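One-based numbering, in listed order, for ligands and for the atoms of each. This one's a predicted model, so the numbers in the text were calculated from it and none came from an experiment.
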Amino acid sequence: TRSTRPQRLLRAVQQKAIKGDPQSVISAIDYFCRHSEWAMNVGDEKGSILDSVVCEVCPTTALELGTYCGYSTVRIARLLPPGTKLITLEFNPAFAAVARQVIEYAGLQNKVCLVEGASGDLIPKMCQMFGIKTFDFVFIDHWKDRYLPDIKLLEECQLLRKGSILLADNVICPGTPEYLEYVRNSPHYESKYFKSHLEYTKVEDGLEKSVFLG
Ligand SMILES: O=C(NCCCCCn1ccnc1)c1cc(-c2ccc(F)cc2)cc(O)c1O
Ligand SMILES: [Mg+2]
């Protein structure tokens, strides 16, 4: 049977990247998506903004909603100091299976915990599963209609603290209007838009960075 696009992306990593070298994994995926097949990774342009926010926050606890093939997982985990953990949630088992191999190829499996399941079910279990009290950083990149309900759930579960940083992908394309309206108008958040482009295209997109004020 035909391979899937995530499987072809993984093959490109295995053929072009150097095992244990996260930057070569990132470059191999970007090359594949520009020259072979577009895929919905955050990409190199928005990825640089992601990198700068992660470096600024220096999170000790980080959460990613939406792993896909593990591209942003590798981007984030490669910047985390030893002893810190990135928890990444993926609903789609086929995506998760590819992501595990991409993360392992980059040599970052000890910094990442990939959990398969629905974010709405898993977020309330973060404390009991990982002993996490609060997240310093959350990268939001899953179903666009789940952004708002899931940050409200993070608030309810008291998984955010004064100064927790949320960084949301695709706030323009495909778009997350209810989420944007909420974080831009809520007294509990200070929000800032980073204008960019949809991965590997000239279409406008951007990242919204929101600080939880408590
Ligand atoms: O849908 C996206 N991501 C979610 C994937 C499924 C998440 C499953 N999951 C994981 C955890 N809980 C649920 C996405 C889409 C696009 C896009 C843009 C333009 C276009 F024409 C087609 C597509 C670009 C992105 O950057 C995206 O992130
Ligand atoms: Mg995205």
Of all the atoms in ligand 1, which lie at a distance below 4.0 Å from a heavy atom belonging to [X]?
X      : answer
Leu198 : 18 (C), 19 (C)
Trp38  : 17 (C), 23 (C)
Lys144 : 1 (O), 2 (C), 3 (N), 14 (C), 27 (C), 28 (O)
Leu89  : 11 (C)
Asp169 : 26 (O)
Glu199 : 24 (C), 25 (C), 26 (O)

Just to check, does [X] reach to within less than 4.0 Å of ligand 1 when the distance is taken from its heavy atoms?
X      : answer
Trp143 : yes
Asp141 : yes
Asn170 : yes

Regarding Arg184 and the six-membered ring of Tyr193, is the cationic atom NZ or CZ under 6.0 Å from the ring centre and inside 45° of its axis?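 Yes, Arg184 lies over the aromatic ring of Tyr193.
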
Between the CZ atom in Arg146 and the CZ atom in Phe91, the distance rounded to the nearest 0.5 Å is 10.5 Å

Measure the spacing between OG1 of Thr201 and CZ of Arg34 and express it to the nearest 0.5 Å. 9.0 Å

Taking just the N, O or S atoms of Asp141, which one is nearest to the Mg ion (ligand 2)? OD1

Atom name of the N, O or S atom in Asp169 that lies nearest to the Mg ion (ligand 2): OD2

List the atom of Val57, the atom of Asp136, and the distance in Å for their closest heavy-atom pair. CG1-O, 3.9 Å

For a distance under 2.8 Å, tell me if Asn170 has an N/O/S atom near the Mg ion (ligand 2). yes

Less than 4.0 Å between a side-chain N and a carboxylate O, is that true for Arg75 and Glu64?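 No, no charged N to carboxylate O under 4.0 Å.
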
Any carboxylate oxygen within less than 4.0 angstrom of a Lys/Arg side-chain nitrogen, looking at Lys202 and Asp205?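 No salt bridge links Lys202 with Asp205.
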
Aromatic plane relationship, His35 with Tyr31 - under 30° parallel, 30 to 60° tilted, over 60° perpendicular: tilted

Identify, for atom 5 (C) of ligand 1, the protein heavy atom at the shortest distance, and state residue, atom and that distance. Met40 CE, 3.6 Å

Answer yes or no for atom 3 (N) of ligand 1: protein heavy atom present at a distance under 4.0 Å? yes

Would you say CD of Gln109 has more than 12 non-hydrogen atoms from neighbouring residues, nucleotides or ligands within 6.0 angstrom? yes

Check whether Phe95 and Leu122 end up in the same hydrophobic cluster, where Ile, Leu, Val, Met, Phe, Trp and Tyr are linked by side-chain heavy atoms less than 4.5 Å apart. no

